[in-house]
2 protein chains.
Amino acid sequence: MSGDLGAEVVVRAASTCLERHPRLKLILVGDQELLTGLVTRIVGDEPRLSIRAASEVVGMSEAPADALRKKKDSSMRVAIDLVKEGAAAACVSAGNTGALMATAKFVLKMLPGIDRPAILAELPSIGGTVHMLDLGANTSCSAEQLFQFAVMGSIVTGDIRAIDRPRVALLNIGVEDTKGHETVKAAAAMLQASSLNYVGYIEGNEIFAGKTDVVVTDGFTGNVALKTMEGTVGLASHYLKSAFTRNWFAKLQAVLAGPVLRSLAVRMDSRNYNGASLVGLNGIVIKSHGSADSVAFQHAIETALLEVKNQVPEQIGSLLKQEAA
Amino acid sequence: MSGDLGAEVVVRAASTCLERHPRLKLILVGDQELLTGLVTRIVGDEPRLSIRAASEVVGMSEAPADALRKKKDSSMRVAIDLVKEGAAAACVSAGNTGALMATAKFVLKMLPGIDRPAILAELPSIGGTVHMLDLGANTSCSAEQLFQFAVMGSIVTGDIRAIDRPRVALLNIGVEDTKGHETVKAAAAMLQASSLNYVGYIEGNEIFAGKTDVVVTDGFTGNVALKTMEGTVGLASHYLKSAFTRNWFAKLQAVLAGPVLRSLAVRMDSRNYNGASLVGLNGIVIKSHGSADSVAFQHAIETALLEVKNQVPEQIGSLLKQEAA
């Protein structure tokens with residue numbers, strides 16, 4: 001029901017996913033009348049798609065504590081309750097991130113030894129993709145939390161990209177042992193002593209360089225890095241647009257270079273990397289970008305599907321137990 | 001003498017700067033024989049260019065404390081001593097950043113009320129440029145330090161870009177008052193109560209959006225953001241190169257789109273933004289990127305020139321005094 005573009009985006013994405021995955025079943029949670037209308041118009045008769053009524057919607061800027069306390073029949077809350085009850089294997093939402101985290105934490109609880117969920121997403125990199133966490137859930141992090149992020153990131157990345165022992169790096173402002181603050185140094189020591197495939201520090205310019213499969217950082221730095229990437233792509237697009245419209249010759253060049261620039265746009269397009277995992281929960285919750293269109297939302301649903309197939313929370317729980325032993 | 005490419009880059013940049021600025025005088029500090037040879041070959045007879053001998057060179061990965069204690073006749077130390085003695089108005093170096101900061105702090109001392117230098121640089125943005133600090137000098141920062149960065153950034157940006165009351169923003173992970181850690185919130189309160197033109201929080205994607213003239217953040221976050229920008233440009237270049245060489249038609253497109261892509265490359269090229277200021281010192285010290293070529297090093301010399309003309313340290317000192325009153 002939420003997100004910036006409303007429920008239609010979700011229904012269109014659901015329709016595509018049901019076509020692509022013959023055994024998938026989806027439950028749409030929210031305003032019964034609205035959703036029934038959209039399903040009739042967009043999907044038609046489809047036994048694998050059902051609707052579960054919820055009478056409230058959490059606002060995009062509502063305080064998480066308010067959403068949790070006052071809106072017990074919100075689409076967000078009902079969807080997470082379905083996961084808790086075992087009626088759904090995962091929840092996908094484009095709603096208010098803070099409210100989603102607070103509600104998921106309250107209803108599903110955390111895995112033993114994890115304090116708060118972290119936000120994990122897949123980003124483009126040279127030669128493939130890279131997973132990075134935390135992207136904004138934890139403003140300040142202890143060394144122990146950074147270590148837990150590494151464990152969780154290693155599991156999810158290994159599952160989603162089907163690689164054995166993914167390489168894990170810590171984001172820092174230099175690669176020498178002396179660089180960085182005490183927290184990142186302490187986390188490095190813990191990772192060196194662990195069973196993870198820890199490859200050391202990387203700097204911001206190496207996030208996309210294909211040198212690691214998982215990038216671990218605190219939520220403040222991770223969020224700034226992610227958004228700086230978006231801002232840089234925006235700046236380059238702005239320059240390209242203004243350069244290609246300067247005169248008729250430049251416009252002609254733009255037409256001729258169109259296919260290549262479009263392929264670049266697709267590869268740098270954050271929609272193709274939509275669907276961040278809230279990891280550390282005792283259940284699967286995927287956060288779609290609030291401005292996601294149906295292509296992006298479909299990617300978020302498919303991320304949930306992969307995590308369900310791989311039983312991600314169970315795997316994280318057992319690796320954490322093993323590391324603690 | 002230092003930097004990744006050696007002294008020739010510096011001599012070539014000096015030659016261009018002397019041509020462009022008829023009243024400029026430059027002193028090259030380092031190995032007398034080597035520099036004399038380069039000057040004879042590249043510049044010829046030029047009374048505004050002199051050489052000051054220094055027998056040692058600080059290594060790019062040498063510990064700052066070692067450089068400071070053991071190499072009292074390094075080119076870096078002698079150059080900073082010249083500023084201290086008043087024989088030079090500014091020092092420009094492509095050497096080891098940590099050693100440069102430690103030596104400059106020891107020799108020149110800090111302005112009253114400033115603890116450590118911060119690294120300030122000019123970056124591209126939509127509609128012009130943006131100045132950002134700290135880019136890596138201070139791994140952890142207090143709210144007071146962030147406030148001092150804002151004062152220093154405001155002065156330097158106003159001078160270099162000749163704008164009155166530059167807009168100053170704090171980098172955060174959301175624009176609402178509730179977002180971020182305690183340090184950034186406390187700095188926001190100090191800025192709101194100050195005489196600066198404080199415009200509030202911005203997120204990573206807005207650094208280059210033209211919404212502010214100065215971006216203030218701690219050295220860890222700032223360094224990661226700067227390098228993430230570089231990494232994103234690198235990723236986009238990689239995609240473009242591979243797309244434009246896929247087949248003969250794509251190669252043809254690349255030739256046709258060449259001029260526009262080259263203009264993009266120039267605008268995103270960090271060489272045109274080379275020359276970070278070490279602000280907060282009682283003197284002018286400009287850090288050139290270690291891998292700077294002569295074009296980039298020339299830009300660093302010209303940044304020093306602008307700061308000299310504007311008496312940046314004196315201006316920062318008096319604004320700090322005014323804010324403290």
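The analysis underlying the following values was restricted to heavy atoms, covering all of them including side chains, and did not include hydrogens, waters or symmetry mates. So you know, we letter chains A, B, ... as the sequences are listed, proteins then strands, and number each from 1.
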Search all heavy atoms of [X] against all heavy atoms of [Y] and return the closest pair with its distance.
X      : Y      : answer
A:P124 : B:Y239 : CB-OH, 3.4 Å
B:F220 : A:N172 : CE1-OD1, 3.3 Å
A:G136 : B:I173 : O-CD1, 4.1 Å

Could you measure the distance from the CG atom of A:L171 to the NZ atom of B:K227? Nearest 0.5 Å is fine.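 Spacing of CG (A:L171) from NZ (B:K227) equals 10.0 Å.
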Atom CG in A:N223, atom CG in B:N205: separation rounded to 0.5 Å?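 With rounding to 0.5 Å, CG (A:N223) is 8.5 Å from CG (B:N205).
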Indicate yes or no: at least one non-hydrogen side-chain atom of B:I207 is less than 4.5 angstrom from one of A:T228.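 The answer is yes, as the side chains (C-beta and beyond) meet within the 4.5 Å cut-off.
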Looking at A:I126, A:T221, A:T139, which one has more heavy-atom pairs under 4.5 Å with chain B than the rest?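 Of A:I126, A:T221, A:T139, A:I126 has the most heavy-atom pairs under 4.5 Å with chain B.
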NZ of B:K185: more than 12 outside heavy atoms within 6.0 angstrom?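 Enclosed: over 12 neighbouring heavy atoms sit under 6.0 Å from NZ of B:K185.
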Does any backbone or side-chain atom of A:A209 lie under 4.5 Å from a heavy atom of chain B? Answer side chain, backbone, both or neither.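 It is neither, since no heavy atom gets under 4.5 Å.
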